[in-house]
Amino acid sequence: MNYIIQSPNKEVSLEREEVIKDKFRRFEKLIPGMLRCDIVLRMEKNGEQNSFIVEGKLMVPGNDLFAKEQAASCEIAAEIVCVDLENQ
């Protein structure tokens with residue numbers, strides 16, 4: 001499975017990349033014909049708080065699945081994106 005993680009605003013640590021990949025690896029078992037997973041991580045400042053936006057796109061034969069979520073942490077946003085993708 002090919003995972004492409006992009007973060008246009010900030011460098012992503014290898015540890016965080018692995019945590020995010022682990023969350024999306026569940027789709028390897030759920031969707032056997034999945035071709036690729038594109039993940040975009042963004043951080044935005046809202047006043048004094050940081051918020052994280054995670055976008056996930058699964059390339060599957062016939063349809064591509066997409067979800068986007070914003071949360072206080074990158075890991076929480078990624079988990080919600082995964083749940084949204086599972087529901088699709």
Side-chain angles (χ1 to χ4, degrees):
M1 168 59 106
N2 192 13
Y3 294 93
I4 298 172
I5 297 179
Q6 300 174 4
S7 181
N9 300 4
K10 186 179 178 187
E11 185 86 19
V12 179
S13 69
L14 292 176
E15 295 86 18
R16 181 167 278 176
E17 273 191 30
E18 279 306 309
V19 169
I20 299 298
K21 282 182 187 178
D22 284 344
K23 292 187 180 300
F24 281 87
R25 281 194 178 106
R26 69 177 88 172
F27 296 106
E28 292 178 20
K29 295 176 185 169
L30 292 174
I31 308 170
M34 190 168 58
L35 305 172
R36 189 175 84 209
C37 179
D38 292 340
I39 304 163
V40 178
L41 309 173
R42 290 193 179 99
M43 185 177 79
E44 292 185 350
K45 265 197 170 196
N46 296 333
E48 294 192 14
Q49 292 184 359
N50 290 334
S51 77
F52 294 87
I53 298 172
V54 175
E55 298 176 8
K57 185 175 183 181
L58 302 178
M59 312 296 186
V60 296
N63 282 333
D64 291 343
L65 306 175
F66 178 81
K68 179 179 177 180
E69 192 61 48
Q70 183 172 352
S73 85
C74 192
E75 291 79 10
I76 293 171
E79 182 62 33
I80 296 170
V81 165
C82 288
V83 170
D84 289 349
L85 290 170
E86 282 179 339
N87 291 333
Q88 290 181 37

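Keep in mind it's a predicted model, so treat the numbers as computed, not measured.
- Taking CZ from F27 and CE from M34, the interatomic distance works out to 7.5 Å, rounded to the nearest 0.5 Å.
- Between the CD atom in E86 and the CZ atom in R26 there is a gap of 4.5 Å [rounded to 0.5 Å].
- Taking V12 as the reference, S7, R16, E17, L41 meet the side chain to side chain contact (heavy atoms under 4.5 Å, CB included) condition, with sequence neighbours excluded.
- Between P61 and G33, the shortest heavy-atom contact is CD-O, 3.1 Å.
- Note that CG of L65 and SG of C37 are 10.0 Å apart. Values are rounded to the nearest 0.5 Å.
- No more than 12 heavy atoms of other residues, nucleotides or ligands shown are found within 6.0 angstrom of NZ on K57.
- Taking K23 as the reference, E79 meet the salt bridge (charged side-chain N to carboxylate O under 4.0 Å, His left out) condition, with sequence neighbours excluded.
- Checked against salt bridge (charged side-chain N to carboxylate O under 4.0 Å, His left out), E55 has the following partners two or more places apart in sequence or in another chain: R42, K68.
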The test is side-chain contact (heavy atoms from CB on, under 4.5 Å); show your working for F24 and L85 and say whether it passes. CA-CA 10 Å; F24 281 87; L85 290 170; 3.8 Å; yes
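- Counting Ile, Leu, Val, Met, Phe, Trp and Tyr side chains that sit under 4.5 Å apart, directly or through other members, M59 shares a hydrophobic cluster with L35.
- In terms of heavy-atom proximity, F66 sits nearest to Q88 at O-NE2, 2.7 Å.
- Atom CG of residue L58 and atom CD1 of residue I39 lie 8.5 Å apart, to the nearest 0.5 angstrom.
- Remark: R36 engages D38 in a salt bridge (charged side-chain N to carboxylate O under 4.0 Å, His left out) (not counting sequence neighbours).
- Residues meeting the salt bridge (charged side-chain N to carboxylate O under 4.0 Å, His left out) test with D22, sequence neighbours left out: R25.
- Residues I20 and Y3 are members of one and the same hydrophobic cluster, defined by side-chain heavy-atom contacts under 4.5 angstrom among Ile, Leu, Val, Met, Phe, Trp and Tyr.
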Given E69 and V54, is the side-chain contact (heavy atoms from CB on, under 4.5 Å) satisfied, shown in steps? CA-CA 6 Å; E69 192 61 48; V54 175; 5.7 Å; no
